[in-house]
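The figures that follow rest on heavy atoms only: side chains count, while hydrogens, waters and symmetry mates do not.
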Amino acid sequence: MHLAPHIASLGTETAFEVLARAQALAARGRSVINLGIGQSDFPTPPHIVEAGCRALVDGHHGYTPANGILKLREAIAADAFRRFGARVDPAQVVVAPGGKVTLSFALMMLGQPGVEVLTPDPGYPIYRSMIDFSGATAIAYPPGGAGCGAFSADAILSRITPRTRLVILNSPSNPTGEVIPRAELDRLVLGLQWHPQVYVLSDEIYSRLVFGRARHTSLLEYESLRERLIVLDGLSKTYAMSGWRVGWGIWPGNLAEVAARLAINIYSCVNASAQHAGIAALNGPQDDITRMVDTFHTRRELLVPALDRLPGLSCKRPDGAFFAFPDIRGTGRSARELQDRWLEELGVAVLAGTSFGPSGEGHLRLSYASSLDELREALRRIAGWLDVHCSPALRPTA
Ligand code: PLP
C-alpha cells in the first residue's frame with residue numbers, strides 16, 4: 001500500500017504503549033501499578049455523570065453545532081472570566097473531542113514546510129509529532145522544571161527567527177510539572193511584541209492542578225497577545241473526564257471560524273451528552289474538584305520526597321500537574337532501561353523521560369494519579385530493585 005509520505009512522520013504517546021503492556025501483564029495475573037498514564041484515577045463526579053445521562057434520556061442524541069452547544073461555550077467563557085478575569089466571546093470558543101484536537105488544528109493552520117515552531121523538550125510528545133506531520137521544523141527549548149533549570153522567557157525569545165510562526169507553551173508542564181512564573185510570562189509577552197508574525201499556543205490543560213503557593217497565570221490575561229493567542233484547555237484532567245472527550249480551543253480573530261470548518265470536516269461535533277456533562281462540570285459545584293486537587297497535593301508530598309531519598313535518584317518538587325520527574329542519572333542506567341525493567345521485573349509502569357524528547361534522558365515520569373497505597377507499594381518495589389541493582393559498588397561506570 002502506498003501511504004502519503006507524511007504519515008511516516010507521525011509520532012506517538014509512549015504512555016499508551018506502556019498502558020497496553022501493563023494491561024497485558026495484569027491480564028496474565030501480574031500485580032501491576034500503573035504510574036505511566038496521565039489520567040485521574042477518580043471517578044467523574046456524580047452530578048456530571050447524571051447530567052450526561054439526563055441529556056441522553058431527554059433526547060439530546062443528534063448533532064450539535066460544530067463549534068459546540070452555545071451553553072457550553074458560554075460556560076467556558078464564564079470560567080475564563082471567573083479564573084483569570086479574561087473576557088472571552090463564546091464565538092471564539094470551539095469545542096473539540098479532547099484537548100489534543102486544538103493542537104492539531106493549530107498546526108493544520110500554521111504549520112507548513114519552511115516555518116519553525118518552538119516546542120518544549122522535554123514536552124508532551126504530541127507537540128513534536130504534529131509539528132513534524134505538518135511539515136514545519138520543530139525548534140526545541142527547555143520548559144523549565146526538574147532537570148532543566150527554571151523556565152526562562154529568553155530561552156524562547158532567543159530562538160525566534162523570521163521563520164518562526166508558532167510558540168507552544170505548556171504550564172503546568174507535562175512532564176516536568178513546572179508552573180511558569182508570571183514575571184517570565186510578562187517578559188515573554190513583552191518580547192513577543194517585536195515578533196508580530198508569531199502565534200502562541202498556550203496549553204493550559206493542567207491549569208487547575210496547581211499546589212501550595214504556586215499560581216497559574218493564563219496567557220488570556222495578556223490583552224496585547226489576544227490577537228495571536230490560541231488557548232488549549234479541556235475537562236480531561238481536572239474533572240476526571242479523559243474518556244468523555246471534551247476539550248476546547250479559544251481562538252483569535254477569524255481562526256475560530258477556520259477551526260469550526262475543520263471540525264465540520266473531521267468530527268462534525270462532540271458527542272451531545274458529553275457536552276451537556278461539560279456544562280454541568282463548569283457551571284456546577286466545584287467541591288469535588290477541590291477535593292481531588294487536595295488529594296493530588298497529598299500524594300505529591302508522599303511521592304516526591306520519597307523518590308528524592310532513593311539511592312541514585314533526586315527529585316525536585318513540581319508545582320503543578322500530577323507528575324514527578326526524578327533525575328535518575330545517579331543510577332547509571334538509561335531512562336528506557338528503567339522503564340522496561342521496572343515494568344517487566346517489578347510490575348511498576350513509569351515512562352522514560354525520552355518519551356518526551358531527547359532532553360528527557362536521565363529522567364523518568366511517574367504519575368501520581370494513583371492511590372497513596374499504590375504509591376507506597378510502587379516505592380517499596382523500586383527501593384528493593386535499586387538496592388539490588390544500583391548499589392554504588394554495582395553501578396556501571398560507563
Ligand atoms: N496537553 C497535555 C500537556 C497533555 O498532557 C494532554 C494529555 O495527556 C493533552 C494536552 C490532551 O488532553 P486530552 O486527553 O483532553 O486530549
Side-chain angles (χ1 to χ4, degrees), residues 9-18 35-38 103 107 111 116-134 136-161 164 166-181 184-185 188 200-203 205-206 304 307-308 312-340 342 350-367 398:
S9 58
L10 268 182
T12 186
E13 261 187 87
T14 316
F16 285 100
E17 288 164 20
V18 170
L35 310 184
I37 194 89
L103 169 72
L107 283 158
E116 293 174 354
V117 178
L118 269 58
T119 187
D121 179 0
Y124 181 50
I126 300 303
Y127 301 149
R128 181 64 201 257
S129 170
M130 290 309 300
I131 295 168
D132 291 349
F133 188 64
S134 77
T137 303
I139 306 290
Y141 72 86
C148 27
F151 174 89
S152 135
D154 289 338
I156 292 180
L157 294 170
S158 63
R159 286 169 168 79
I160 292 181
T161 73
T164 310
L166 181 67
V167 173
I168 300 177
L169 286 180
N170 176 215
S171 176
S173 149
N174 175 9
T176 70
E178 170 85 349
V179 175
I180 303 178
E184 286 302 313
L185 288 179
L188 181 65
V200 175
L201 183 137
S202 182
D203 180 346
I205 197 122
Y206 295 102
V304 170
L307 287 171
D308 196 44
L313 267 60
S314 71
C315 192
K316 295 227 177 69
R317 192 177 258 108
D319 281 329
F322 39 48
F323 308 115
F325 199 59
D327 185 329
I328 53 149
R329 282 173 293 183
T331 64
R333 310 291 173 137
S334 74
R336 186 59 203 248
E337 180 185 349
L338 291 190
Q339 173 192 293
D340 291 344
W342 288 3
V350 300
L351 293 185
T354 42
S355 310
F356 302 90
S359 304
E361 186 51 280
H363 292 80
L364 294 174
R365 192 195 79 173
L366 286 77
S367 156

L364 vs L338, test: side-chain contact (heavy atoms from CB on, under 4.5 Å). Steps then yes/no. CA-CA 8 Å; L364 294 174; L338 291 190; 4.1 Å; yes
Can you confirm whether I156 sits close enough to L188 that some side-chain heavy atom of one is under 4.5 Å from a side-chain heavy atom of the other? yes
Heavy-atom nearest pair, G111 first then A136, reads CA-CB, 4.1 Å
Between the CH2 atom in W342 and the CG atom in L35, the distance rounded to the nearest 0.5 Å is 10.0 Å
Would you confirm whether E361, through its side chain, and A335, through its main-chain N or O, come within 3.5 Å as a donor-acceptor pair? yes
Is any side-chain heavy atom of V304 less than 4.5 Å from a side-chain heavy atom of D308? no
With rounding to the nearest 0.5 angstrom, report the CG to OG1 distance, L351 to T14. 6.5 Å
E116 and T161: side-chain hydrogen bond (donor to acceptor under 3.5 Å, both in side chains), yes or no, with the steps? CA-CA 8 Å; E116 293 174 354; T161 73; 2.9 Å; yes
So which heavy atom on T176 is nearest to which on G144, and how close? OG1-O, 2.9 Å
Once rounded to the nearest 0.5 Å, what's the spacing between atom OG of S334 and atom CD of Q339? 9.5 Å
Can any side-chain N or O of S171 pair as donor or acceptor with the backbone N or O of I180 at less than 3.5 Å? yes
Can you name the side chain to side chain contact (heavy atoms under 4.5 Å, CB included) partners of P172, sequence neighbours left out? V179, Y206, V210, H216, A321
Who pairs with T12 by side chain to side chain contact (heavy atoms under 4.5 Å, CB included), at least two apart in sequence or on another chain? E17
Backbone of D319 reached by a side-chain donor or acceptor of E178 within 3.5 Å: no
Side-chain heavy atoms of L185 within contact of L169, under 4.5 Å: yes
Is T331 reaching over with its side chain to a backbone N or O of I328, donor-acceptor style, under 3.5 angstrom? yes
How close do A140 and D121 get, counting heavy atoms only, and between which atoms? CB-CB, 3.6 Å
Which pair of non-hydrogen atoms, one from G38 and one from S367, has the smallest distance, and what is that distance? CA-OG, 4.5 Å
Between R365 (side chain) and G36 (backbone), is there a donor-acceptor pair under 3.5 Å? yes
Mind listing the closest non-hydrogen atom pair of T164 and R159 along with its distance? OG1-O, 4.0 Å
Under a 4.5 Å cut-off applied to non-hydrogen side-chain atoms, are P120 and S173 in contact? no
Mind listing the closest non-hydrogen atom pair of L166 and L107 along with its distance? CD2-CD2, 4.0 Å
Donor-acceptor pairs under 3.5 angstrom involving side-chain atoms of residues 123-133: please list them, not counting sequence neighbours.
| unit_1 | atom_1 | unit_2 | atom_2 | d |
| --- | --- | --- | --- | --- |
| Y124 | OH | E13 | OE2 | 3.1 |
| Y127 | OH | D203 | OD2 | 2.6 |
| R128 | NE | D132 | OD1 | 3.1 |
| R128 | NE | D132 | OD2 | 3.3 |
| S129 | OG | G11 | N | 2.8 |

If you round to the nearest 0.5 Å, how far is CZ of R317 from CG of L307? 11.5 Å
Can you check whether D154's main-chain N or O pairs, donor with acceptor, with S158's side chain at less than 3.5 Å? yes
I want to check something: taking the side chain as every heavy atom from C-beta on, are F325 and P318 in contact at a cut-off of under 4.5 Å? no
